J.: 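Take a look at this one; I'll ask things after.
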Amino acid sequence: MSVAAILVAAGSGSRLASTRPKAFVDLAGEPLVVHAARRLMAGGVVDTLVAVVPADWVEQAQRLLPRAHVVVGGASRVDSVAAGLAALPAEVDVVLVHDAARALAPPTLVLAVVQAVCEGNPAVVPGLAVTDTIKQVDASGAVVHTLDRASLRAVQTPQGFDRATLQRAHAQPPTGAHTDDAGLVEALGTRVLVVPGDPLALKITTPADLAHAERLLQ
Ligand code: C5P
């Protein structure tokens, strides 16, 4: 099996209140995208790394990630993943898609996802049980429905796919905003397996998340 990882790092990250795109903001002295790439590659199962970055950051990304193929992202996350898919070498069978914003996702999580895909699951996502009670609300803020917490999972990345499945999912006509790739695979009617996630794979979105990640590293 040849495994590739598409590391999406082309978002603006406006909620982090930085002048740089989020993936290039420093965490303990190194950009988030460098942390994320190091942990993706550390387990030794990823053969190819494709980093998807904003157009103005290609040279900087190539300097930071000399082993990666660096490509330019798109307006949405789905567009950025599609740009990464288009850059994959022919021999790749398994594709991981990972958010640079989940910079501390550990190598053990990467291995667990790859292993589940290699065991024959076409789509695998890490997920954590939800501890808050989650309610659906309408436009006025009134509660419509309380969801059954026991059946909910907060889904993370890296998400793993058999390459043909992910390419079929991305070839579908767009149907609204998709915040992950598993959502596109679900639209095909293909089974998506959830494996245990890891609190370290938190998405760094706000300055408080960045401070929390710094503490986790200390
Ligand atoms: O915006 P959000 O936090 O959901 O982004 C998740 C990941 O997708 C981030 O790593 C971000 O850099 C990436 N992204 C991208 N291209 C976009 C939007 C987001 O690569 N157009």
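Model, not experiment: these values are computed from the prediction. Read the numbers this way: they start at 1 and go in the same order the structure lists the ligands and their atoms.
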J.: Salt bridge (Lys or Arg N to Asp or Glu O under 4.0 Å), that's the test. Do R77 and D181 meet it? Break it down for me.
T.: CA-CA 9 Å; R77 186 183 183 283; D181 294 277; 2.8 Å; yes

J.: Can you find a pair of side-chain heavy atoms, one from P89 and one from T48, that are under 4.5 Å apart?
T.: yes

J.: Which of the atoms of ligand 1 are close to A9, meaning less than 4.0 Å from one of its heavy atoms?
T.: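 Atoms satisfying the 4.0 Å criterion: 12 (O), 20 (O).
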
J.: In a check of side chain to side chain contact (heavy atoms under 4.5 Å, CB included) between V117 and each of D93, V94, V95, which one passes?
T.: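 For V117, the side chain to side chain contact (heavy atoms under 4.5 Å, CB included) test succeeds with only one of D93, V94, V95, which is V94.
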
J.: Heavy atom of G73 under 4.0 Å from ligand 1?
T.: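 G73: no contact with ligand 1 (<4.0 Å).
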
J.: Hey, are the side chains of R163 and L88 touching, using non-hydrogen atoms and a 4.5 Å cut-off?
T.: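 In short, these two side chains touch, coming nearer than 4.5 Å.
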
J.: How far is atom 9 (C) of ligand 1 from the closest protein heavy atom, and which atom is that?
T.: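 Ranking protein heavy atoms by distance from atom 9 (C) of ligand 1, first comes V8 O, 3.8 Å.
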
J.: Side-chain contact test, heavy atoms from C-beta onward, threshold under 4.5 Å: evaluate it for R20 versus W57 and give yes or no.
T.: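 The answer is yes; the side chains approach within 4.5 Å.
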
J.: Of all the atoms in ligand 1, which lie at a distance below 4.0 Å from a heavy atom belonging to A101?
T.: 10 (O)

J.: Enumerate the atoms of ligand 1 whose separation from the nearest heavy atom of S80 is less than 4.0 angstrom.
T.: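 What qualifies from ligand 1 is 15 (C), 16 (N), 17 (C), 20 (O), 21 (N).
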
J.: Between P54, A10, G74, flag the one that comes closest to atom 21 (N) of ligand 1 by a heavy atom.
T.: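 Looking at heavy atoms only, G74 sits closest to atom 21 (N) of ligand 1.
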
J.: Are any of the side-chain nitrogens in R191 or E186 under 4.0 Å away from the carboxylate oxygens of its partner?
T.: no

J.: With heavy atoms of K22 as the reference, note each atom of ligand 1 found under 4.0 Å away.
T.: 3 (O)

J.: N/O to N/O below 3.5 Å, does that happen between A23 and ligand 1?
T.: no

J.: What do we get for K203 next to ligand 1 when only non-hydrogen atoms under 4.0 Å count, side chain, backbone, both or neither?
T.: side chain

J.: May I ask you to decide if L200's main-chain N or O and D198's side chain share a donor-acceptor pair within less than 3.5 Å?
T.: yes

J.: Could you pull out the closest heavy-atom pair between S18 and V25, with the gap in Å?
T.: OG-CG2, 3.5 Å

J.: What part of P21, side chain from CB on, backbone N/CA/C/O, both or neither, has a heavy atom under 4.0 Å from ligand 1?
T.: neither

J.: What residue and atom, counting heavy atoms only, is the protein's closest point to atom 1 (O) of ligand 1, and at what distance?
T.: R15 NH2, 3.8 Å

J.: For ligand 1, is there an N or O atom under 3.5 Å from any N or O atom of G11?
T.: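 Yes; the residue has a nitrogen or oxygen that sits under 3.5 Å from a nitrogen or oxygen of the ligand.
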
J.: Heavy-atom distances under 4.0 Å are what count here, so tell me which part of A75 touches ligand 1: side chain, backbone, both or neither.
T.: backbone

J.: Could you tell me which atoms of ligand 1, counted from 1 in the order shown, lie closer than 4.0 angstrom to a heavy atom of D99?
T.: 6 (C), 7 (C), 8 (O), 10 (O)

J.: Set out, in order, the CA-CA distance, both residues' side-chain angles and the distance that settles side chain to side chain donor-acceptor pair (under 3.5 Å) for D180 and Q159, then state yes or no.
T.: CA-CA 9 Å; D180 76 348; Q159 301 190 346; 2.9 Å; yes

J.: Please answer whether the main-chain N or O of A150 pairs with a side-chain N or O of D148 as donor and acceptor at a distance below 3.5 Å.
T.: yes

J.: Please identify which atoms of ligand 1 are closer than 4.0 Å to at least one heavy atom of S76.
T.: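 Contacts of ligand 1 toward S76, numbered from 1: 16 (N), 17 (C), 21 (N).
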
